[in-house]
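See structure below.
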Amino acid sequence: MEINDVLRLVRKNIKALAPYSTARDEYKGALGVFLDANENPFENGYNRYPDPRQAELKSIIAPKKGVAVEQMFIGNGSDEAIDLCFRIFCEPRIDNVVAIAPSYGMYRVSADINDVEVREVQLGEEFSLPVDELLAACDGNTKLMFVCSPNNPSGNIFPVEEIKRLLEGFKGVLVVDEAYIDFASQPSLTTLLGEYPNLVVLQTLSKAYGLAGLRLGLAFASKEIMAIFANVKYPYNINKAGMECAKELLARDVQAEIDVVKSERERVAAALASCPCVKRVFPSDANFLLVQVSAARALYDALIAEQVIVRDRSKVKGCSECLRITIGTPAENDRMLAVVRNFK
Ligand SMILES: *Cc1c(COP(=O)(O)O)cnc(C)c1O
């Protein structure tokens with residue numbers, strides 16, 4: 001697809017939108033007497049509105065991610081970017097989206113809120129990507145396709161060649177959710193942005209970067225799509241305190257933490273695999289393991305009794321008798337393992 005084909009997918013009202021123009025959009029200088037935004041003039045650190053474009057934070061994150069500032073969006077968690085995809089591309093009750101299943105629950109919630117049909121396509125054997133079925137599920141009103149890679153809750157990452165087949169075969173926008181990419185053995189798909197204008201990559205500072213409490217989600221796409229995101233988002237979607245904290249905390253090197261999580265993932269996977277109640281530990285490119293056991297609910301309760309809380313995914317189609325276990329610190333993982341080892 002060409003960028004103009006992608007822009008044709010945008011809803012008419014969004015194309016025609018005259019976006020809200022903030023005081024800071026109309027006067028961009030940093031010095032002066034600011035009597036243009038009805039703020040309280042007495043300084044307390046937060047009396048001024050924050051930068052609606054998040055220029056400084058973007059200038060820190062963009063080089064880390066190997067993208068241009070114009071190719072990026074910062075939202076109140078990835079969930080804001082997911083919701084914006086619906087609001088920008090999907091006409092309620094007319095358009096539809098296709099998504100893999102089992103996967104992250106927010107695609108459906110966001111679709112339901114926006115009154116947009118979701119066509120879920122079950123993953124294949126070993127949670128493989130059903131490329132042909134995904135393409136077959138589309139029709140002329142399919143605006144978005146959601147693929148989470150590495151996928152939550154299965155943990156596996158999909159091969160780049162298969163994602164490319166979707167990008168080439170799909171006549172809408174492919175949203176690849178890379179919330180867990182920093183734990184993966186494969187690089188991000190952001191390198192494909194120049195080649196595929198119908199690609200939107202989602203990432204987040206909530207997982208590997210350790211900033212879930214700040215609510216900072218990232219989206220990467222062509223500068224044209226990112227400009228539309230900027231027009232549709234709330235003008236001040238990211239607050240000043242969050243941006244300041246992020247700036248300070250992004251100066252840390254998180255690679256050492258990521259390395260511990262990855263080595264713990266391999267240690268925990270091997271230890272779980274040798275427990276009598278464990279049937280299967282699925283391969284993971286994320287910071288969690290999907291584990292199939294003999295009796296998921298009973299093991300979940302046994303863990304809770306020892307104040308170890310995991311996620312029971314056993315009611316999710318395709319995840320029968322499965323628990324999703326996040327990788328914690330070595331000591332936390334040992335506490336979890338002690339319960340699983342002794343579970344009969
Ligand atoms: C955790 C997670 C996110 C992160 O969401 P935020 O709103 O950025 O915290 C996004 N996608 C998936 C698949 C996740 O598991």
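Ligands are counted one by one from 1 in listed order, and the atoms in each one are counted from 1 as well. Only heavy atoms go into these numbers, but all of them, side chains included; no hydrogens, no water, no symmetry mates.
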In ligand 1, the atoms that come under 4.0 Å of a heavy atom of Cys148 are 13 (C)
With Thr190, which residues qualify under side-chain hydrogen bond (donor to acceptor under 3.5 Å, both in side chains), at least two apart? Ser188
Give the residue, atom name and distance (to 0.1 Å) of the protein heavy atom nearest atom 15 (O) of ligand 1. Tyr180 OH, 2.6 Å
Any cation-pi pair here, Lys240 with Tyr46, using under 6.0 Å and within 45°? yes
Looking at ligand 1, does any of its N/O atoms fall within less than 3.5 Å of an N/O of Tyr107? no
For ligand 1, is any non-hydrogen atom under 4.0 Å from Ser78's backbone (N, CA, C, O), its side chain (CB onward), both, or neither? both
Ala212 near ligand 1 by a heavy-atom separation under 4.0 Å: no
Protein residue, atom and distance nearest to atom 7 (O) of ligand 1, heavy-atom basis: Arg215 NH2, 2.6 Å
Heavy-atom nearest neighbour in the protein, as seen from atom 9 (O) of ligand 1, with distance rounded to 0.1 Å: Ser206 OG, 2.7 Å
Does ligand 1 have an atom that lies less than 4.0 angstrom from a heavy atom of Met106? no
Give the residue, atom name and distance (to 0.1 Å) of the protein heavy atom nearest atom 3 (C) of ligand 1. Lys207 NZ, 3.3 Å
So do Pro52 and Asp25 actually touch side chain to side chain, heavy atoms under 4.5 Å? yes
Would you call Asn156 and Pro283 a side-chain contact if the rule is heavy atoms closer than 4.5 Å? no
Compare Asp79, Asp177, Leu214 and give the one whose heavy atom is closest to atom 10 (C) of ligand 1. Asp177
Any idea which atoms of ligand 1 are less than 4.0 Å away from a heavy-atom of Ala179? 2 (C), 3 (C), 10 (C), 11 (N), 12 (C), 14 (C)
Numbering as shown, the atoms of ligand 1 that approach Gly77 to under 4.0 Å (heavy-atom distance): 6 (P), 7 (O), 8 (O)
What I want to find out is whether Glu91 reaches Lys12 closely enough, with some N-O distance under 4.0 Å, to be called a salt bridge. no
Salt bridge present between Lys279 and Glu321 (N-O < 4.0 angstrom): no
Would Glu168 and Tyr196 count as having a side-chain donor-acceptor pair, cut-off 3.5 Å? yes
Just wondering, do Phe127 and Leu290 contact through their side chains at under 4.5 Å, heavy atoms? yes
